[in-house]
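Chain letters run A, B, ... following the sequence lines, proteins first, then strands; residues in each count from 1. Hydrogens, waters and symmetry mates play no part in the numbers below; they use all other heavy atoms, side chains included.
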Protein chains: 2
Amino acid sequence: MLPEENVLFRGVSREECRRMMSCFKPEIRKFTAGSIIADFCEPSDKIGIMLSGNAVMVRYDINGVRTIIEALGEQSIFGEYFTFSGAQRNSIEIVAESDCEIMFMHQSEITKRCENACQCHSRVVENLLMLMSEKAISLSERIEVLSQRSIGDKLLSCLKIFEDKTPNGQVPQIPFSTTALSDYLCVNRSALQREMTKLKSEGLLTMSKRKFRLIRRDEDEI
Amino acid sequence: MLPEENVLFRGVSREECRRMMSCFKPEIRKFTAGSIIADFCEPSDKIGIMLSGNAVMVRYDINGVRTIIEALGEQSIFGEYFTFSGAQRNSIEIVAESDCEIMFMHQSEITKRCENACQCHSRVVENLLMLMSEKAISLSERIEVLSQRSIGDKLLSCLKIFEDKTPNGQVPQIPFSTTALSDYLCVNRSALQREMTKLKSEGLLTMSKRKFRLIRRDEDEI
DNA sequence: ACTCCCTTGTTGCAATTGCAACAGACTTTT
DNA sequence: AAAAGTCTGTTGCAATTGCAACAAGGGAGT
């Protein structure tokens, strides 16, 4: 994907956009699957925008327990600016799940008054605002899931969110393996497995590989 | 607090700011302690900025279980735009903890091209960007806490965050009662109580009312 | 001082979740 | 085709957490 096609530049002409590149000084880098895209060792106001590929933001605590903080797909945005990394006791990394292409730029370059007087500068800032809005919503969804009190409820609310994001006509699926899902829900894998088989046996869920389907029982409420 | 003194207008002259008010058409409302500031029944792009007072964003699920999603203080920002409210099964509300004064405005009014050509319009957008950055960080902190696997770790990481936010020389404190804290950590109150007494007896924590102190045992690591 | 109401602190017991171990399926590498 | 590695699915047992109930403390209002 060309950097100019990124949502950040939506509404900005191709020509203008090229000109802005000299303002923002973006750095575009490629990563192979499995490599580390970023750690948050040193403070920086760099933001990254996924042009292509998939990645996950993970944390390992001092006991080596992995938590998947966030799944990042195309057009996702990440950066220390949006992510708590205060705890020195555990390390946060962004790891490429597939081959990735990522555009890095400094937030200050976007935010500061532009000497070149780019016409569309403020349009970019507004787009960034929208991206941050979306980021905040996806973080809220994450909280929604994690605030469920039982594994079953965590799973259901998580699947419901993925289902809602699935385009019409497609079968909903999770962007993880079951093992990774347990790191995402912050629960024990085998306990999650147990809940999954229970929900399947109750007829509330079908699942094969990463594809799933939720079966509603709205009559229960009546 | 005067609306013009809000962080949203930082770097904007008093005069300019007054002029912008006609652009943004802010609505300033007061709420008494205990009243509901907002529910998210109908979609809107309204954002609220706390000028004074304290509030909490809460959710009640279908079983009546309360979750405190977020504690809002002065200068906090909230709005459906930043908050997942997709789940129809549970209701999200913002409840005033103390008397509050809140400025509401429509995000579209801020974001749209301004016919009045206010000089400082883009400055306001940048400020909004910064507020959203902070919002994202505070949501990430929330995830950091909720992703801990045990009640003890949830409590410690939560207290550590509150401690880090305490100005030098002040005794750190939580913005809740213990009961509310359990709704914030999404755990059972008596189980939380149990963990608290355990940590106290181990000498890792002192706590009285809402004030607390964490005692570090860095030697443990060696 | 008294009542009402809410919060704190505690406990026994039940339910859920975590842990460890293992077998089988599936992928990738050699 | 064999081997190595990772993921899925299961289970028994241990640890943690939730639940319910109760006693005690504190604040607001009468």
Side-chain angles (χ1 to χ4, degrees), chain A residues 32-34 56 58 61-68 95-99 145-159 173-202 205-212, chain B residues 32-34 56 58 61 63-68 95 97-99 145-159 173-202 205-212:
Chain A
T32 54
V56 289
V58 298
D61 73 11
I62 42 170
N63 303 316
V65 176
R66 182 177 78 154
T67 300
I68 295 182
V95 181
E97 292 281 287
S98 64
D99 289 358
V145 170
L146 291 179
S147 66
Q148 300 300 318
R149 307 301 168 99
S150 70
I151 293 182
D153 286 343
K154 280 192 177 75
L155 176 60
L156 288 174
S157 90
C158 168
L159 293 181
Q173 66 176 42
I174 54 175
F176 313 111
S177 66
T178 312
T179 306
L181 183 63
S182 72
D183 290 338
Y184 184 73
L185 299 179
C186 302
V187 298
N188 180 273
R189 182 192 65 86
S190 61
L192 173 62
Q193 198 75 253
R194 191 157 33 199
E195 279 306 310
M196 279 173 54
T197 44
K198 192 178 142 219
L199 287 172
K200 283 180 198 166
S201 76
E202 286 170 351
L205 172 68
T206 60
M207 196 157 191
S208 84
K209 302 260 182 188
R210 297 181 176 192
K211 295 191 190 301
F212 69 90
Chain B
T32 55
V56 289
V58 298
D61 74 10
N63 303 316
V65 176
R66 180 176 80 153
T67 300
I68 295 182
V95 181
E97 291 281 287
S98 63
D99 289 358
V145 170
L146 291 179
S147 67
Q148 300 299 318
R149 308 301 170 96
S150 69
I151 292 182
D153 287 343
K154 279 193 178 75
L155 176 60
L156 287 175
S157 89
C158 168
L159 292 181
Q173 66 175 42
I174 55 176
F176 314 111
S177 66
T178 311
T179 306
L181 183 63
S182 72
D183 289 338
Y184 184 73
L185 299 179
C186 303
V187 299
N188 180 273
R189 183 192 65 86
S190 61
L192 173 62
Q193 198 75 253
R194 189 157 33 198
E195 279 306 311
M196 279 172 54
T197 42
K198 192 178 142 217
L199 287 172
K200 283 180 198 165
S201 76
E202 288 169 349
L205 172 68
T206 59
M207 196 157 190
S208 84
K209 301 261 183 187
R210 296 180 176 194
K211 296 192 189 299
F212 69 90

- Task: Measure the spacing between CD of A:E97 and CD1 of A:I68 and express it to the nearest 0.5 Å.
- Result: 7.0 Å
- Residue whose closest nucleotide on DNA chain D lies nearer the 5' end, A:K200 versus B:E195: A:K200
- Message: Within the 4.5 Å heavy-atom criterion, are A:M207 and A:I174 side-chain neighbours or not?
- Response: yes
- Which ones in residues 178-186 of chain A lie close to DNA chain D, meaning a heavy atom under 4.0 Å from one of its atoms? A:T178, A:T179
- Quick note, ring-ring contact (aromatic ring centres under 6.0 Å, His included) partners involving residues 175-199 of chain B, not counting sequence neighbours, are B:F176-B:Y184
- SG of A:C158 to CD1 of A:I151, rounded to nearest 0.5 Å, is 13.0 Å
- Note on the structure: Nearest heavy-atom approach of B:K154 to B:L146 is CE-O, 3.7 Å
- Query: What do the steps show when you test B:T67 against A:R149 for side chain to side chain contact (heavy atoms under 4.5 Å, CB included), and what is the final call?
  - Reply: CA-CA 10 Å; B:T67 300; A:R149 307 301 168 99; 3.4 Å; yes
Return all side-chain donor-acceptor pairs below 3.5 angstrom for residues 186-194 of chain A, not counting sequence neighbours, or 'none' if the list is empty.
{"residue": "A:N188", "atom": "OD1", "partner": "A:S190", "partner atom": "N", "Å": "2.9"}
{"residue": "A:N188", "atom": "OD1", "partner": "A:S190", "partner atom": "OG", "Å": "2.7"}
{"residue": "A:N188", "atom": "OD1", "partner": "A:A191", "partner atom": "N", "Å": "3.1"}

- Message: Applying a 4.0 Å non-hydrogen cut-off, can you work out what A:S150 is touching in the nucleic acid: base, sugar-phosphate, or nothing?
- Response: sugar-phosphate
- Message: Closest-nucleotide mapping onto DNA chain C: is B:S177 or A:I151 further toward the 5' terminus? I mean the 5' end.
- Response: B:S177
- Note on the structure: Its contact letters, B for base, S for sugar-phosphate only and - for none at protein heavy atoms under 4.0 Å, make nucleotides 24-30 of chain C read -------
- Taking CZ from B:R189 and P from C:dT8, how many angstroms apart are they, rounded to a whole number? 8 Å
- Outermost DNA chain D nucleotides near chain B [under 4.0 Å, heavy atoms]: D:dT17 to D:dA21
- Quick one: are A:S177 and A:R210 in side-chain contact, heavy atoms under 4.5 Å? yes
- Within-4.5 Å side-chain heavy-atom neighbours: B:L199 and B:L156: yes
- Does B:A33 offer a backbone N or O that forms a donor-acceptor pair with the side chain of B:D99 under 3.5 Å? yes
- Query: Is the number of heavy atoms from other residues, nucleotides or ligands within 6.0 Å of NZ (A:K200) greater than 12?
  - Reply: yes
- Distance (rounded to the nearest 0.5 Å) between B:M196 CE and B:S182 OG: 10.0 Å
- Using five pairs at either end of the helix from C:dA1-D:dT30 to C:dT30-D:dA1, determine the angle between the two local helix axes and round it to 10 degrees. 50°
- Hey, could you give me the CZ/OG1 distance between B:R66 and B:T179, rounded to the nearest 0.5 Å? 8.0 Å
